[in-house]
Amino acid sequence: MRAARTIALLTTSLLLLSGCSTKQDQPFSSQVGLQLFMWPWQSVASECEGLGNQGIDWVLVSPPQEHIVGSAWWTVYQPVSYQLQSRLGNRSDFENMVKTCDQAGVNVLVDVVINHMTAQDSGIGFAGTSFEKYNYPGLYGPEDFHNCGLTAGNSIENYGDAKQVQTCELLGLSDLDQSRPNVQTTIVGFLNDLLNLGVTGFRIDAAKHIAPSDLEPIVSALPEETIFLLEVIRGAGEPIQPEQYSNLGYIWEFDYARSMRSYFEDQLIGYIDPATRFDSYLPSDRAISFISNHDTERNSQALNFNYQREFELATSLMLAEPYGTPMLYSSYYFFDYDAGPTEENGLVTAVACPTNPTSDNSYEDRDWICQHRWASVEKMIRFRDLVDQTAVVNTVQTENLFGFEREGKGFFIVNVSPEAEETVEAQTTLPDGSYLDLLSDEVFEVNAGKITLTLKPLSAIALVKN
Ligand code: AAO
């Protein structure tokens, strides 16, 4: 399998190069990623050293290609050309970011928009390229787009109709026909250009809207070690499901993020069945687990900055449990769906994180939140590393508490109630002795296979051997 070979290749070459073991030796599924939504390249570069020290293995950056002009964040999801010139920076900024991150041990994955181009009749893009909705000089002409003829405006109206989803226009965006060899070649050229600049892989935006048989030749044309993360949103009862794409890459499990919202915001953690919780999800080694992304942050399907403490605790739970490859999320505060980050002279201004970032901070419109800098994140990545490869045993569950032992190595437990403090006596196979809560630095004792844990409202404990 592609992923397995990637791991072997990476491991061998890194071991040869460094002569020692590094975090990058870990299989992709044991790594931790971070989406830095709308962060300009220079800011990502400045952040990478800290990220490497925190134990973050890869960052996912926003689409880098020339896009339509406008202040809404989503202009970057309407490509005009594949020149690397955007409100997030130019080609040399991008190249420098990839090099700097690489030196810090952080891989760069890039969000690429290859399903479609723009929804505008005509215009001039960010880098000055003139275009029409079905004509992008040097790239695509009218014959390269689907004309589904299934709906009045050629736009997707019904997600229950697979043909509409994969041949009509998503949100009125001109829909590339990836079954055409010249379209495949052009897309592969764009992706190879990014790989030559040193990126490790891609998020395929709107992958659900490209038939797997049309995506496969693109994936196959790229080097075997390329990482693909596919956006195939799970929709109940829809004919197109993530599983149809799982041989092509890793896929975000949207039901994971949705469940985290219901556990924390709606406090439904007491009602889950831990034994069957992941049964309807993608297999763990194909899944990206996440608490939110830039879409769910805006559409109420997931936790967001309005539930900061819950977001932080959900992130801790995600890092504590062995489901999927976790992707953290870092973003800016907003009131208006469309609001992009602040800009100067058409470029997104450098990210300024709060001086003391915690989940208790308050924000003004379009302040950067920098969720990944909350102290608990680094601590929970440490917990994750220390308990790596251990099974989940001795689950604890009450109406407000959910916890488990990572067999013989650690114990994690969270209280989702904003009001109730609760104490439990948990059974454990952790050897008797003292254990450190990485989150509070308090010490707990395991005695005769039992441990007493008191959790304040909205809090967690993450124990490892002291
Ligand atoms: C902007 C304007 C539009 C305008 C358009 C063109 O906002 O009003 O029509 O320009 O002028 C981003 C922004 C868009 C923006 C677009 C273009 O989000 O606002 O449009 O750039 O600039 C579907 C796709 C999924 C897609 C998602 C938004 O499957 O791929 O829609 N996400 C990606 C990006 C996203 C980006 C694009 C794609 C386009 O992450 O940021 O758009 O490049 C169901 C389906 C999903 C479907 C949603 C759409 O989900 O299953 O596949 O996602 O509907 O609403 C329950 C259901 C679940 C359902 C969900 C809906 O949970 O169980 O099935 O509710 O929330």
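Counting starts at 1 for both ligands and their atoms, in listed order.
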message = Under a 4.0 angstrom heavy-atom cut-off, which atoms of ligand 1 come close to Asp205?
response = 33 (C), 34 (C), 37 (C), 38 (C), 39 (C), 40 (O), 43 (O)
message = Tell me if the OH atom of Tyr159 is crowded by more than 12 foreign heavy atoms within 6.0 Å.
response = yes
message = Tell me the nearest of Glu238, His67, His116 to atom 44 (C) of ligand 1, using heavy-atom distances.
response = Glu238
request  = Return the orientation label for the Trp58 and Phe28 ring planes: parallel under 30°, perpendicular over 60°, tilted otherwise.
outcome  = parallel
request  = Answer yes or no: does atom CD of Glu343 have more than 12 heavy-atom neighbours from other residues, nucleotides or ligands under 6.0 Å?
outcome  = yes
key: N-O pairing of Asp255 and Arg258 below 4.0 Å   = yes
task = Return yes when at least one protein heavy atom is under 4.0 Å from atom 62 (O) of ligand 1, and no when none is.
result = yes
query = Which of parallel (below 30°), tilted (30 to 60°) and perpendicular (above 60°) describes Phe37 and His294?
reply = parallel
key: Residue selection (non-hydrogen contact nearest atom 18 (O) of ligand 1) among Tyr337, Phe254, Tyr77   = Tyr337
inquiry  = Does the residue Arg298 have a heavy-atom contact with ligand 1, meaning some pair of atoms that are separated by less than 4.0 Å?
reply    = no
key: Exercise: do Asn182 and Thr185 side chains pair donor with acceptor under 3.5 Å   = no
key: Proximal candidate to atom 26 (C) of ligand 1 [heavy atom criterion; set Arg234, Glu231, His294]   = Glu231
ask   = Should we say atom OH of Tyr363 is surrounded by more than 12 heavy atoms from elsewhere, each under 6.0 Å from it?
value = yes
ask   = In terms of residue, atom name and distance, what is the protein heavy atom nearest to atom 27 (C) of ligand 1?
value = Asp295 OD2, 4.2 Å
query = What is the nearest protein non-hydrogen atom to atom 50 (O) of ligand 1, stated with its residue, atom name and distance?
reply = Ile233 CG2, 4.3 Å
note = for atom 10 (O) of ligand 1, nearest protein heavy atom and its distance come out as Gln78 NE2, 3.3 Å
ask   = What do you reckon, does Gln120 put a non-hydrogen atom under 4.0 Å from ligand 1?
value = no
message = For atom 46 (C) of ligand 1, what's the nearest protein heavy-atom neighbour? Residue, atom name and distance, please.
response = Lys208 NZ, 3.5 Å
ask   = For Asp121, does the CG atom sit with more than 12 other heavy atoms under 6.0 Å from it, leaving out its own atoms?
value = no
Minimum heavy-atom distance Asp144-Tyr140, with the two atoms named = OD2-CA, 3.3 Å
task = Identify, by atom number and element, the atoms of ligand 1 in contact range of His209, meaning under 4.0 Å from any of its heavy atoms.
result = 24 (C), 29 (O), 30 (O)
task = May I ask you to check whether over 12 heavy atoms, not counting those of Gln397, lie within 6.0 Å of atom CD?
result = yes
ask   = Heavy atoms of the protein only: does one fall short of 4.0 Å from atom 8 (O) of ligand 1?
value = no
ask   = How close do Glu231 and Ile233 get, heavy atom to heavy atom, and via which atoms?
value = OE2-CD1, 3.5 Å
key: Subset of ligand 1 atoms that lie under 4.0 Å from at least one heavy atom of Asn299   = 66 (O)
ask   = Heavy-atom count around Arg366 CZ within 6.0 Å, excluding the residue itself: above 12?
value = yes
ask   = So, is Asp338 polar-close to ligand 1, with some N/O to N/O distance under 3.5 Å?
value = no
query = Is Trp73 near ligand 1, meaning one of its heavy atoms is under 4.0 Å from it?
reply = yes
ask   = Cation over ring, Arg298 on Trp73, under 6.0 Å and within 45°?
value = yes
inquiry  = I need the atoms of ligand 1 closer than 4.0 Å to a non-hydrogen atom of Arg258, numbered in the order shown.
reply    = 58 (C), 62 (O)
key: atom 42 (O) of ligand 1 - nearest protein heavy atom and its distance   = Leu171 CD1, 4.2 Å
query = Should Arg203 be listed as contacting ligand 1, given a heavy-atom distance under 4.0 Å as the test?
reply = yes
key: Close-contact set for ligand 1 against Ala206 heavy atoms, below 4.0 Å   = 30 (O)
query = Is the CD atom of Gln164 crowded by more than 12 outside heavy atoms at less than 6.0 Å?
reply = yes
request  = Write out the residue and atom name of the closest protein heavy atom to atom 49 (C) of ligand 1, then the distance separating them to 0.1 Å.
outcome  = Tyr159 OH, 4.1 Å
task = Provide, to 0.1 Å, the distance between atom 31 (O) of ligand 1 and the closest protein heavy atom, together with that atom's residue and name.
result = Leu170 CD1, 3.9 Å
query = For atom 66 (O) of ligand 1, which protein heavy atom lies nearest, and how many Å away is it?
reply = Gln301 NE2, 2.6 Å
key: Atoms of ligand 1 close to Ala119 [distance to a heavy atom under 4.0 angstrom, numbered from 1]   = 6 (C), 11 (O)
